[in-house]
**Q** 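So that we are looking at the same thing, I have put the structure below in structure tokens.
Since the model is a prediction, treat every value here as computed from it, not as a measurement.
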Amino acid sequence: MAQAKQETERKYAAAAAEGIPWLPELTAVHPVASLAEGGMQELDAVHYDTGDLRLTRTDASLRRRTGGTDAGWHLKLPLEGDGREEIQAPPSSEDVPGELRELVLSRTRGAPLRPVVRIRSTRSLHRLLDADGDLLAELSLDAVHAESLLESGGHAVWTEIEVELADGEDPALLDDLEKVLRKNGVERAGSPAKAVRALAGTAGLPQRTPKKRRGVAAGSAGDHVLAYLDRMTAKLRDLDPAVRRDTPDAVHQMRTTARRLRNCLRSYRSVLARDVTDPIRRDLRWLARALGAERDHEVLNERLASGVRELPGELVRGPVAARLQAWDVAQRAEGRRRTLDALASPRYLELLNRLAALTDAPPLRPKAAGKPKKVMVKALLKEYDRLAERMDRALETPPGPERDAAIHHARKTAKRLRYAAETAGPALGKPAQRLRKRAKAVQQVSGDQHDGVVAREALLRMAVSAHTAGDTAFTWGLLYGAERAAAGAHERQLPEAWARVHPAARRKALRG
């Protein structure tokens with residue numbers, strides 16, 4: 001079973017491996033009080049990647065290392081800032097463990113993994129301690145020798161310094177330590193990972209540069225749309241391992257990202273050819289629905305459990321908690337199964353490949369070269385008009401199931417407008433940002449109303465189940481009534497939220 005931990009570290013270029021005479025100066029950095037020698041280590045790591053280095057190009061690394069205190073398989077995935085998540089597995093075999101293969105699937109997209117570079121390091125370790133002798137950080141001086149295992153093999157030698165925070169320490173300590181390093185002429189390394197430098201030095205891996213768009217000018221409507229698609233595609237890819245490992249909120253984030261991608265392709269159909277994007281949109285919809293089973297249950301269960309917790313004890317009649325728990329376990333397991341089945345399916349793998357091809361070789365339409373003020377505003381106004389039509393219809397429909405359905409349809413359209421404005425934000429500035437915020441407010445109010453409708457349906461099923469089993473349905477009825485009242489309150493808030501989006505001034509502001 002693989003074990004995960006988070007690490008926060010920075011790497012620096014060192015002139016030589018003879019020593020670091022300025023090391024004692026680090027004790028002037030609060031709260032560092034003393035230094036302790038950690039000895040020497042001989043590390044030998046073989047890094048694995050696809051033939052075209054898909055892991056390395058997305059800031060991930062996979063290695064099998066011997067030597068040191070943590071020999072074994074190490075998968076490192078990027079986090080924000082200086083953080084990375086490291087997932088470790090025992091060195092039981094030279095074959096990549098199946099669990100780690102799954103965790104890099106969103107990056108490899110099914111391409112085979114193979115050894116690409118061997119990195120041997122002689123490490124001199126130094127521990128930075130506080131006044132109580134507790135570990136704050138480790139500084140290591142590494143003399144590195146890299147050997148390419150690709151056909152275009154070569155060798156590279158360098159020295160680097162690595163500073164890694166101990167668990168739970170304030171990342172600001174890295175900034176203070178860096179001031180001492182820079183004062184002594186030590187600068188950040190060009191890459192946060194040894195594998196990147198090793199492959200650059202031995203196999204000619206080019207330095208990363210901003211993505212150049214083929215056939216689209218910088219600052220054009222197409223450039224802005226593709227930049228957004230790039231960000232969302234990378235986010236979907238990065239969320240995949242977290243979803244597989246059941247990290248909190250990961251399913252929700254991945255589902256939202258799939259929806260953002262899908263809605264961007266829908267709203268800006270004038271920029272990219274539909275014969276390419278429509279199949280991607282269908283697959284994104286399928287993925288969002290597959291993830292939705294787990295996410296929707298998570299939201300609903302918390303809502304129902306919260307409702308039970310808020311009731312006075314004398315109003316909780318019968319085995320309410322036990323019934324809710326049994327329902328939660330069964331539904332959660334089914335939702336989890338659907339999520340993992342989707343991520344293991346050929347359709348998901350094909351979706352990842354299509355998304356990669358979409359941004360690498362975008363199927364541009366003539367309007368992709370147009371000015372954002374014209375192309376993107378027109379797309380936003382189309383979404384706005386669609387929302388206005390659905391919202392007016394919802395507000396005119398008498399209360400009841402038909403109105404509930406109409407509000408739900410309007411909510412989905414508000415979400416599309418919000419995401420379209422989000423895409424256009426960098427190009428259109430404050431008008432698009434205001435529109436996004438106000439569309440989000442409409443979405444939230446109508447979403448709260450819809451959540452109440454869904455909760456009432458679940459509570460009704462709970463009540464019927466309790467009655468059939470011979471238990472009282474009293475508590476479920478109370479909760480049903482509370483949800484009905486809350487939904488009514490949200491319905492009454494909806495006209496006000498919509499009025500902040502509705503005025504014709506929104507159209508004028510967008511057109512400028």
**Q** In terms of side-chain geometry, is the basic nitrogen of D240 or R245 positioned less than 4.0 Å from the acidic oxygen of its partner?
**A**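 Here D240 does not pair with R245 in a salt bridge, since their nearest N and O are not under 4.0 Å apart.
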
**Q** What heavy-atom pair brings L236 and A258 nearest, and what distance separates the two atoms?
**A**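 Minimum heavy-atom contact is CD1-N, 4.2 Å.
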
**Q** Please give me the minimum heavy-atom distance between V251 and E294, naming the atom from each residue.
**A** CG2-OE1, 3.6 Å

**Q** Under 3.5 Å, is there a donor-acceptor pair between the T397 and E402 side chains?
**A**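 No, no side-chain donor-acceptor contact under 3.5 Å.
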
**Q** Could you check whether E302 and S306, counting side-chain N and O atoms only, form a donor-acceptor pair closer than 3.5 Å?
**A**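 Per modelled atom types, S306 and E302 side chains form no pair under 3.5 Å.
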
**Q** To the closest 0.5 Å, what do you measure between CD1 (I87) and CG (L75)?
**A**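 With rounding to 0.5 Å, CD1 (I87) is 4.5 Å from CG (L75).
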
**Q** With distance as the sole criterion, is a donor-acceptor pair present between the side chains of R54 and T108 under 3.5 Å?
**A**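 Their side chains do not contain a donor-acceptor pair, so the 3.5 Å distance test is not met.
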
**Q** Is any side-chain N of the basic residue among R332 and E298 closer than 4.0 Å to the acidic one's carboxylate O?
**A**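 No salt bridge links R332 with E298.
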
**Q** Look at R255 together with D296 and state whether they make a salt bridge at an N to O cut-off of under 4.0 Å.
**A**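 Salt bridge present between R255 and D296.
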
**Q** Quick one about N263 and Y268 (side-chain donor to acceptor, distance below 3.5 Å, no hydrogens or angles considered), yes or no?
**A** no

**Q** Looking at K235 and D238, is any side-chain nitrogen of the basic one under 4.0 Å from a carboxylate oxygen of the acidic one?
**A**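 No, D238 and K235 are not salt-bridged.
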
**Q** Could you check whether R393 pairs with E389 (Lys NZ or Arg NE/NH1/NH2 to Asp/Glu carboxylate O, under 4.0 Å)?
**A** yes

**Q** Counting only heavy atoms not in R289, do more than 12 fall under 6.0 Å of its CZ?
**A**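 No - once you tally the heavy atoms of other residues, nucleotides and ligands closer than 6.0 Å, there are 12 at most.
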
**Q** Can a side-chain donor-acceptor contact be found between S465 and R323 if the only test is distance below 3.5 angstrom?
**A** yes

**Q** Could you give the distance from OH (Y228) to OG1 (T233), rounded to the nearest 0.5 Å?
**A**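 Spacing of OH (Y228) from OG1 (T233) equals 10.5 Å.
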
**Q** Side chains of V225 and L229: closer than 4.5 Å at any heavy-atom pair?
**A** yes

**Q** Decide whether R390 and T413 meet the rule of one side-chain donor and one side-chain acceptor closer than 3.5 Å.
**A**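 Note: R390 and T413 side chains meet the donor-acceptor criterion.
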
**Q** Side chains of E86 and Q88: donor-acceptor distance under 3.5 Å anywhere?
**A** yes

**Q** Parallel, tilted or perpendicular for H450 and H408, by the 30°/60° rule?
**A**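 Parallel.
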
**Q** Between R347 and E350, does any NZ, NE, NH1 or NH2 come within less than 4.0 Å of an OD or OE carboxylate oxygen?
**A**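 No, no charged N to carboxylate O under 4.0 Å.
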
**Q** Does E496 come within less than 4.0 Å of R500, counting only side-chain N to carboxylate O?
**A** no

**Q** Write down the atom of A410, the atom of L387, and the distance for their closest heavy-atom approach.
**A** O-CD1, 3.5 Å

**Q** Looking at E422 and R436, is any side-chain nitrogen of the basic one under 4.0 Å from a carboxylate oxygen of the acidic one?
**A** no

**Q** Identify the heavy atoms of L105 and L352 that sit nearest to each other, and give their distance.
**A**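 Reported closest heavy-atom pair: O-CD1, 4.2 Å.
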
**Q** Using distance alone, with no hydrogens and no angle criterion, decide if T56 and D49 have a side-chain donor and acceptor under 3.5 Å apart.
**A** yes

**Q** Is it true that, when you exclude E80 itself, more than 12 heavy atoms of the residues, nucleotides or ligands shown sit nearer than 6.0 Å to its CD?
**A** no

**Q** Minimum heavy-atom separation for Q6 to D167, with atom names?
**A** O-OD1, 4.0 Å

**Q** Can you tell which of R403, H490, Q444 makes a side chain to side chain contact (heavy atoms under 4.5 Å, CB included) with Q449?
**A**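 The passing option is H490.
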
**Q** I need the minimum non-hydrogen distance between G425 and Q433, along with the two atoms involved.
**A** O-NE2, 4.1 Å

**Q** Determine whether L113 and L55 satisfy the following criterion, side-chain contact (heavy atoms from CB on, under 4.5 Å), listing intermediate values before the conclusion.
**A** CA-CA 10 Å; L113 292 164; L55 295 185; 4.0 Å; yes

**Q** Could you tell me whether K11 and E9 make a salt bridge, using a distance below 4.0 angstrom between a side-chain N and a carboxylate O?
**A** yes

**Q** Do D341 and R337 sit within salt-bridge range, that is, some charged N less than 4.0 Å from a carboxylate O?
**A** yes

**Q** Around atom NZ of K76, are there more than 12 heavy atoms of other residues, nucleotides or ligands at under 6.0 Å?
**A** yes

**Q** For atom CZ of R188, decide whether the heavy atoms of other residues, nucleotides or ligands shown that lie under 6.0 angstrom number more than 12.
**A**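 Yes, the 6.0 Å shell around CZ holds more than 12 heavy atoms from other groups.
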
